[in-house]
Amino acid sequence: MSGVSRESSALMKLKSKAVDIIEEKQLEDLLNSGKKLRIKIGIDPTAPLVHIGHLVLILKIREFQELGHQAYVIVGDFTAKVGDPSGRSSLRPRLSDEEIEENTKIIMEKFLRFLDKNRTQIYFNSDWLSNINLSQIIDLSSKVTVSQILGRDDFRKRQEEGKPLYVHEFLYPLLQAYDSVVIKADIELGGTDQLFNLLLGREMMKSFGLPPQVCITLPLLEGLDGKLKMSKSYGNYISVDDKAEDIYGKIMGIPDELITKYAKLLCNFEEKEIEELKKIHPFEAKSEVALRITELLKGKEEAEKAHQWFNKVIRMRGTPDEIPEFEVSYGTILQKVLKELGVVKSVSEATRLTESGGIYINGEQVKEKLYQLKKGEYVVRVGKTKFIKLRVKEDS
RNA sequence: GGGGAGGUGCCGGAGCGGUCAAUCGGGCCCGGCUGUAAACCGGGUGGCCCCAGCGCCUUCGGGGGUUCAAAUCCCUCCCUCCCCA
């Protein structure tokens with residue numbers, strides 16, 4: 001295989017999954033230049049969470065790293081400190097330095113599970129943003145119009161919904177753009193919702209006399225509900241730290257239509273494989289994808305276990321192999337025990353569960369609102385997935 | 001500066017003196033069914049009580065007040081949105 005064709009297949013791979021590439025020709029030239037490229041990606045340190053929506057980006061960065069390029073992770077600590085009412089919420093968490101540092105540490109640990117440590121550099125944008133002065137800010141602001149910024153989806157939405165929109169928020173995209181100037185990014189990656197911000201970075205670099213960055217956007221992954229983008233605030237995410245069973249199970253719960261998207265974005269399925277996936281039974285297809293993604297996050301062994309667990313417990317309504325065991329005294333009320341063990345939040349909840357038939361002892365539905373435990377050993381099932389084993393002894 | 005509309009449970013959004021622990025939708029949970037934790041259908045969704053009662057306690061931005069009784073009326077403070085200047 002010649003050098004040229006290898007190059008182009010690399011380009012093909014990098015281009016795959018991307019929604020926008022601005023400019024494609026420029027990307028090609030950069031890749032052909034033989035230069036070690038600076039790949040920028042921004043992260044938000046407000047919560048120590050990495051979910052599989054992020055993973056789409058992370059995997060793309062890794063592809064660049066595999067070609068020898070360098071990842072520049074920019075931690076948006078400056079905005080986190082000032083408070084950013086982003087998205088739907090108008091709540092502005094102001095994090096302390098310690099919290100940000102802690103969150104960043106946790107986030108990066110998760111990122112580095114998938115990235116090449118030696119080709120990853122971390123920067124905090126407060127390093128340069130906290131010393132910026134007013135004339136620089138005004139200078140930056142003069143590069144964009146209000147309607148450009150209002151064109152951003154989340155801003156416009158809030159405007160339309162009559163939700164507060166603060167002036168300082170208009171600055172954030174500018175600051176993010178300025179980050180690109182500082183680190184002299186060659187390429188910036190982001191979700192499709194970031195396109196505007198990425199392009200602003202491009203413009204900003206030009207006006208600072210730098211070669212503009214290439215902007216690459218990747219699709220946003222829909223969350224478990226199948227509609228909204230995966231995010232913490234919607235609670236529709238799969239964390240990379242979820243238990244293998246939960247990862248597997250959550251994927252089994254996504255709407256069928258989403259299977260191919262997950263397969264493509266997270267398992268790197270090619271067109272051909274996607275077609276195959278469409279042909280087989282949705283349940284089989286989903287199992288396959290669930291297994292792959294669980295494997296990606298937790299390794300083969302864990303994934304295999306999760307697969308078996310799902311079939312046994314969810315599908316067959318069986319009992320899992322490992323159940324936590326507890327010892328209680330004779331005559332205790334089951335519902336109270338469940339509350340004490342933290343299986344349910346309140347006794348009322350346990351009562352409701354009992355009424356709706358969601359509590360079982362050794363496979364028998366519990367009917368009594370206050371069930372007295374007798375001597376012996378019991379497997380208690382609460383709802384679909386919670387199991388505990390109780391050893392009831394004679395009270396002294 | 002002027003005028004108007006609002007702040008209700010996880011979210012959206014009713015209620016506007018008792019019948020309100022608060023309609024409804026979403027989410028979530030349980031059950032049924034199944035091909036799955038999909039879809040669909042049914043139920044539930046503040047807490048407490050081994051007297052489960054038409055029981056008790058804590059909720060409708062914060063504080064105070066009127067009343068036998070307030071999410072609902074009054075006062076005050078805080079917050080948001082819209083229009084005009």
Side-chain angles (χ1 to χ4, degrees), chain A residues 85 87-92 155 157-167 169 222-228 230-238 242-262 277 279-291 293-294 306-318 320 328-340 343-360 363-374 380-387 392 395:
Chain A
R88 315 184 52 76
S89 149
S90 53
L91 226 147
R92 275 159 290 175
F155 282 165
K157 226 178 254 163
R158 268 198 282 159
Q159 180 98 76
E160 281 165 5
E161 287 169 3
K163 294 211 168 110
L165 195 50
Y166 295 86
V167 173
E169 293 181 69
E222 281 88 352
L224 305 174
D225 55 296
K227 291 185 203 106
L228 301 168
M230 185 175 287
S231 86
K232 182 179 185 240
S233 45
Y234 299 135
N236 60 356
Y237 61 89
I238 297 176
D242 278 347
K243 285 190 305 196
E245 286 84 4
D246 287 334
I247 295 167
Y248 190 97
K250 282 180 180 179
I251 290 173
M252 290 307 281
I254 61 173
D256 289 353
E257 308 81 69
L258 233 56
I259 303 170
T260 51
K261 187 160 186 184
Y262 272 55
L277 211 55
K279 275 183 215 151
I280 60 177
H281 193 290
F283 176 77
E284 295 301 326
K286 221 185 265 184
S287 307
E288 171 73 14
V289 173
L291 188 65
I293 293 176
T294 310
H307 173 75
Q308 272 156 24
W309 171 87
F310 188 85
N311 279 326
K312 191 166 180 183
V313 179
I314 302 299
R315 242 184 131 187
M316 303 312 195
R317 287 291 161 89
V328 293
S329 314
Y330 172 88
T332 317
I333 304 295
L334 172 67
Q335 282 84 349
K336 294 196 170 194
V337 171
L338 293 177
K339 148 103 197 280
E340 249 136 65
V343 181
V344 295
K345 285 198 206 71
S346 64
V347 179
S348 304
E349 188 184 326
T351 309
R352 267 182 251 124
L353 267 167
T354 309
E355 280 170 350
S356 54
I359 298 181
Y360 299 78
E364 292 273 323
Q365 217 166 44
V366 173
K367 297 273 198 309
E368 297 85 350
K369 280 193 219 162
L370 298 166
Y371 182 92
Q372 299 232 8
L373 289 165
K374 306 205 170 51
V380 182
R381 186 181 123 205
V382 180
K384 284 174 192 156
T385 57
K386 291 179 193 159
F387 288 85
V392 184
D395 204 8

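Numbers restart at 1 for each chain; the letters A, B, ... are given by sequence-line order, proteins then strands.
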The answer to which of A:I333 and A:D246 contacts RNA chain B further toward the 5' end, by nearest nucleotide, is A:D246
Hey, does A:E245 reach any base, or is it just sugar-phosphate, or nothing, if we go heavy atoms under 4.0 Å?
base
With sequence neighbours left out, which residue pairs that include part of residues 247-257 of chain A fulfil the salt bridge (charged side-chain N to carboxylate O under 4.0 Å, His left out) condition?
A:D242-A:K250, A:D256-A:K286
Which whole number of Å gives the distance between the C1' atom of B:rU58 and that of B:rG26?
26 Å
In whole Å, measure the gap between the C1' atoms of B:rU76 and B:rG2 for me.
22 Å
The criterion is side chain to side chain contact (heavy atoms under 4.5 Å, CB included); which residues satisfy it with A:Q372, sequence neighbours excluded?
A:I333
Pairwise P distance, B:rG9 and B:rG46 [rounded to whole Å]:
13 Å
Separation of B:rG26 C1' from A:N236 CG (nearest whole Å):
13 Å
What's the verdict on side-chain contact (heavy atoms from CB on, under 4.5 Å) for A:V382 and A:L353, showing C-alpha distance, side-chain angles and the deciding distance?
CA-CA 8 Å; A:V382 180; A:L353 267 167; 3.7 Å; yes
CG of A:L258 versus P of B:rA39: gap in Å, rounded?
12 Å
Below 3.5 Å between N/O atoms, which protein atoms pair up with nucleotides 32-36 of chain B? Just atom names and distances, please.
from   : atom 1 : to     : atom 2 : distance (Å)
B:rG35 : N1     : A:D256 : OD2    : 3.4
B:rG35 : N2     : A:D256 : OD1    : 3.3
B:rG35 : N2     : A:D256 : OD2    : 2.9
B:rU36 : OP1    : A:R315 : NE     : 2.9
B:rU36 : O2     : A:M252 : O      : 2.0
B:rU36 : O2     : A:K286 : NZ     : 3.4
B:rU36 : N3     : A:K286 : NZ     : 3.0
B:rU36 : O4     : A:D256 : OD1    : 3.0
B:rU36 : O4     : A:D256 : OD2    : 3.2

Nearest atoms (heavy-atom pairs only) where A:V313 meets A:F387:
CG1-CE1, 3.6 Å
Taking pairing as Watson-Crick or G-U wobble with both contacts under 3.5 Å, can you name the mate of B:rC56, or confirm there isn't one?
B:rG47
If you compare all heavy atoms of A:Y248 against all heavy atoms of A:A306, which two are closest, and at what distance to 0.1 Å?
CB-CB, 3.9 Å
For atom C1', what is the distance between B:rC33 and B:rC40, given to the nearest Å?
8 Å
Under 4.0 Å, heavy atoms only, any strand: does A:Q372 hit a base, just the sugar-phosphate, or nothing?
base
For A:K232, enumerate each residue passing the salt bridge (Lys or Arg N to Asp or Glu O under 4.0 Å) test, keeping only those at least two apart in sequence or located in another chain.
none
How far does the C1' atom of B:rA22 sit from the matching atom of B:rU59, given to the nearest Å?
10 Å
Can you check the A:K369 NZ to B:rC51 C1' distance for me, whole Å?
13 Å
Spacing of A:I293 atom CD1 relative to B:rA37 atom P, expressed in whole Å:
18 Å
Hey, does A:L353 reach any base, or is it just sugar-phosphate, or nothing, if we go heavy atoms under 4.0 Å?
sugar-phosphate
Partner of A:V343 by side chain to side chain contact (heavy atoms under 4.5 Å, CB included), out of A:E349, A:Q335, A:K386:
A:K386
Looking only at heavy atoms, which two atoms of A:I238 and A:M230 are closest? And how far apart?
N-SD, 3.7 Å
How would you list, by chain and number, every residue that makes a side chain to side chain contact (heavy atoms under 4.5 Å, CB included) with A:Y360, sequence neighbours excluded?
A:Q365, A:R381
How many Å lie between OH on A:Y237 and C1' on B:rG27, as a whole number?
15 Å
Atom-pair distance (NZ on A:K367; P on B:rG31), nearest Å
13 Å
Could you please name the partner base of B:rG42, counting Watson-Crick and G-U wobble pairs only when both distances are under 3.5 Å?
B:rC30
Paired nucleotide for B:rU80 [Watson-Crick or G-U wobble; both distances under 3.5 Å]:
B:rA5
By nearest-nucleotide position on RNA chain B, the 5'-leaning member of A:G383 and A:K227 is A:K227
Rounded distance in Å - OH (A:Y262) to C1' (B:rA38):
13 Å
Which value, in whole Å, describes the distance between the C1' atoms of nucleotides B:rC24 and B:rG44?
16 Å
Without decimals, in angstroms, what is the distance between A:L224 CG and B:rA39 P?
11 Å
Considering only atom C1', compute the distance from B:rA71 to B:rG62 and round it to an integer number of Å.
15 Å
Test item: A:T354 and A:Y371 side chains (from C-beta on) under 4.5 Å apart, heavy atoms
no
Which protein N or O atoms sit under 3.5 Å from an N or O of nucleotides 42-49 of chain B?
from   : atom 1 : to     : atom 2 : distance (Å)
B:rG47 : OP1    : A:S346 : OG     : 2.9
B:rG47 : OP2    : A:R352 : NH2    : 2.3
B:rC48 : OP1    : A:V347 : N      : 3.3
B:rC48 : OP2    : A:V347 : N      : 3.4
B:rC48 : OP2    : A:S348 : N      : 3.0
B:rC48 : OP2    : A:S348 : OG     : 2.7

What contact category does A:S287 fall into here, base, sugar-phosphate, or nothing, at under 4.0 angstrom with non-hydrogen atoms?
nothing
CZ of A:F283 to CD1 of A:I259: how many Å apart, nearest 0.5 Å?
10.5 Å
Please report the distance separating the C1' of B:rG53 from the corresponding atom of B:rC60, rounded so that it comes out in whole Å.
26 Å
